[in-house]
Engineer: 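Handing you this structure, nothing more for now.
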Amino acid sequence: MPDLALPISDQTLARADLETLLAGRTAALTFERCDFDDADLSRLDLRDCVFIRCSAAGTSFARAQLSETRWQSCRMGRADFGLADLTDSRFNACDLNNTNWNRSLLASSAFDGVKLTGATFSDVRTLGLSLRDSLLVGADLRGVGFRKQTLVGIDFSSADLAGCDFREAIFQGGSLAEANLRQAKFEGADLRQVTLGSMTVDQVASFRRATISQEQAAMLAVSMGMLVA
């Protein structure tokens, strides 16, 4: 990443303001406590920019160039990242509830301690995606690949995980309770530390050749009406 310029702080910035700043930059821009709420920032080249404690609720970053951006403690509910390039981006302790990531590029992106409740991830490209200690309650993650990943503290409760690839993944904490697991793949996955919740016979079938604990096996049996002696 290039050397950082002096931070731009405590400003409300519209698209025209950003275009002027980007046209004249000689180094990566850092924004602190800036307000981008509901702005149309689609298609802008924001590569390498740093956002610290900024607000971008309802903001459109559709088709924007966001590779190697850094986002720390930002409030971005309902933001649109559809078709954006987020390669090597980093989100830490951000509110990303109800955001749209449809068809975005999330190669080697990292989310740590973020809230993604109700977020939508349709047709995303996720090679090298990292998730840690994050909420994805009710998120739409259909078809997303997590193969061989270590998933630490991820709450997938009530999420749509249909067709997701969790083969050989390791779950360290977190929850799959009430998630839609239709056609999800868990072969070789280690599920011993994740909360499974109650499940139907069809849902349990998704865990074929996955590893669960004896306690989890007993709880699943009870949830399906079986008596454990």
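The shown structure was predicted, so the numbers you read here are calculated from the model rather than taken from an experiment. What's counted below: heavy atoms across the whole structure, side chains too, no hydrogens, waters or symmetry copies.
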Engineer: Mark yes or no for whether Arg53, through its side chain, and Glu32, through its backbone, hold a donor-acceptor pair below 3.5 Å.
Structural biologist: no
Engineer: Using a cut-off of 6.0 Å, state whether more than 12 heavy atoms not belonging to Arg132 lie near its atom CZ.
Structural biologist: no
Engineer: Taking all heavy atoms of Ala57 and all of Arg78, pick out the closest pair and write down the distance.
Structural biologist: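 The pair with the smallest heavy-atom distance is CB-NH2, 4.0 Å.
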Engineer: Quick one: list whatever passes salt bridge (Lys or Arg N to Asp or Glu O under 4.0 Å) with Arg47, sequence neighbours left out.
Structural biologist: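 Partners of Arg47 under the salt bridge (Lys or Arg N to Asp or Glu O under 4.0 Å) test: Asp45.
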Engineer: How close do Leu44 and Glu19 get, heavy atom to heavy atom, and via which atoms?
Structural biologist: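 Heavy atoms of Leu44 and Glu19 come nearest at CD2-CG, 3.8 Å.
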Engineer: Any side-chain heavy atom of Leu136 within less than 4.5 Å of one from Ile154?
Structural biologist: yes
Engineer: Tell me whether Phe146 shares a hydrophobic cluster with Val137, the cluster being built from Ile, Leu, Val, Met, Phe, Trp, Tyr side chains joined at under 4.5 Å.
Structural biologist: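 Not linked; separate clusters.
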Engineer: Which atom pair, heavy atoms only, marks the closest approach of Arg90 to Ala110?
Structural biologist: CD-CB, 3.4 Å
Engineer: May I ask you to decide if the ring planes of Phe31 and Phe36 are parallel, tilted or perpendicular, using 30° and 60° as cut-offs?
Structural biologist: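 Aromatic pair Phe31/Phe36 classed perpendicular.
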Engineer: Just do the side chain to side chain contact (heavy atoms under 4.5 Å, CB included) check on Arg192 and Thr211 with the steps written out, would you?
Structural biologist: CA-CA 7 Å; Arg192 289 175 291 180; Thr211 300; 3.7 Å; yes
Engineer: Looking at CG of Asp140 and OG1 of Thr120, how far apart are the two atoms once the value is rounded to the nearest 0.5 Å?
Structural biologist: 5.0 Å
Engineer: Is there a path of hydrophobic side-chain contacts, each under 4.5 Å between heavy atoms of I, L, V, M, F, W or Y residues, that connects Leu106 with Leu135?
Structural biologist: no
Engineer: Could you check if a side-chain atom of Val114 sits within less than 4.5 angstrom of a side-chain atom of Asn92, using non-hydrogen atoms only?
Structural biologist: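 Heavy-atom side-chain distance check fails, nothing below 4.5 Å.
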Engineer: Step by step, would you call Thr87 with Leu105 a side chain to side chain contact (heavy atoms under 4.5 Å, CB included)?
Structural biologist: CA-CA 6 Å; Thr87 302; Leu105 176 58; 3.3 Å; yes
Engineer: Only distances under 3.5 Å count here; give the side-chain donor-acceptor pairs of residues 166-178 to other protein atoms, sequence neighbours excluded, each with its distance to 0.1 Å.
Structural biologist:
| unit_1 | atom_1 | unit_2 | atom_2 | d |
| --- | --- | --- | --- | --- |
| Arg167 | NE | Asp165 | OD1 | 2.9 |
| Arg167 | NE | Asp165 | OD2 | 3.3 |
| Arg167 | NH2 | Asp165 | OD2 | 2.8 |
| Glu168 | OE2 | Arg147 | NH2 | 3.3 |
| Ser175 | OG | Ser157 | OG | 3.1 |
| Ser175 | OG | Ala177 | N | 3.1 |

Engineer: Taking all non-hydrogen atoms of both residues, which atom of Trp101 and which atom of Val124 are closest, and how far apart?
Structural biologist: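 Distance-wise, the nearest heavy atoms are O-CG1, 3.0 Å.
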Engineer: How long is the span from the CG atom in Asn180 to the CG atom in Asp160, to the nearest 0.5 Å?
Structural biologist: 4.5 Å
Engineer: Is Asp95 paired with Arg75 through a side-chain N to carboxylate O contact shorter than 4.0 Å?
Structural biologist: no
Engineer: Show your reasoning for whether side chain to side chain contact (heavy atoms under 4.5 Å, CB included) applies to Phe156 and Leu161.
Structural biologist: CA-CA 8 Å; Phe156 289 113; Leu161 305 177; 3.8 Å; yes
Engineer: Roughly how far, to the nearest 0.5 Å, is CG of Leu116 from CG of Leu131?
Structural biologist: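 It comes to 7.5 Å.
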Engineer: Which atoms form the tightest heavy-atom contact between Gln149 and Ser130, and what is the distance?
Structural biologist: OE1-CA, 4.4 Å
Engineer: For a 4.5 angstrom cut-off between non-hydrogen side-chain atoms, does Leu151 reach Val194?
Structural biologist: no
Engineer: Under 3.5 Å, is there a donor on one side chain and an acceptor on the other for Thr69 and Ser89?
Structural biologist: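 No, no side-chain donor-acceptor contact under 3.5 Å.
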Engineer: Taking only residues at least two apart or on different chains, which pairs with a member in residues 54-79 satisfy ring pair (Phe, Tyr, Trp, His ring centres under 6.0 Å)?
Structural biologist: Phe51-Trp71, Phe61-Trp71, Phe61-Phe81, Trp71-Phe91
Engineer: Output the distance between atom OG (Ser60) and atom CG (Leu41), rounded to the nearest 0.5 Å.
Structural biologist: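 Here the rounded value is 7.5 Å.
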Engineer: Within this structure, what is the CE-CG distance for the pair Met76 and Leu96, rounded to the nearest 0.5 Å?
Structural biologist: 6.0 Å
Engineer: Determine whether Thr30 and Ile8 make a side-chain contact, defined as any pair of heavy atoms from C-beta on separated by less than 4.5 Å.
Structural biologist: no
Engineer: Are any of the side-chain heavy atoms of Gln65 and Cys49 separated by less than 4.5 Å?
Structural biologist: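 No - every pair of side-chain heavy atoms lies 4.5 Å or more apart.
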Engineer: List the atom of Leu86, the atom of Ser104, and the distance in Å for their closest heavy-atom pair.
Structural biologist: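 Minimum heavy-atom contact is CD1-CB, 4.0 Å.
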Engineer: Could you walk me through whether Leu22 and Leu29 pass side chain to side chain contact (heavy atoms under 4.5 Å, CB included), step by step?
Structural biologist: CA-CA 8 Å; Leu22 293 168; Leu29 298 177; 3.9 Å; yes
Engineer: I'd like to know if the side chain of Ser213 reaches the main chain of Gln216, judged simply by a donor and an acceptor atom lying under 3.5 Å from each other, with no hydrogens or angles considered.
Structural biologist: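 Side chain of Ser213 to backbone of Gln216, a donor-acceptor pair under 3.5 Å: yes, one is there.
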Engineer: For the pair Asn102 (side chain) and Ser122 (backbone), establish whether a donor and an acceptor sit closer than 3.5 Å, ignoring hydrogens and angles.
Structural biologist: yes
Engineer: Measure the spacing between OG of Ser73 and CZ of Arg33 and express it to the nearest 0.5 Å.
Structural biologist: 12.0 Å
Engineer: Just checking, is any N or O donor in the side chain of Ser55 or Asp37 under 3.5 Å from an acceptor N or O on the other one?
Structural biologist: yes
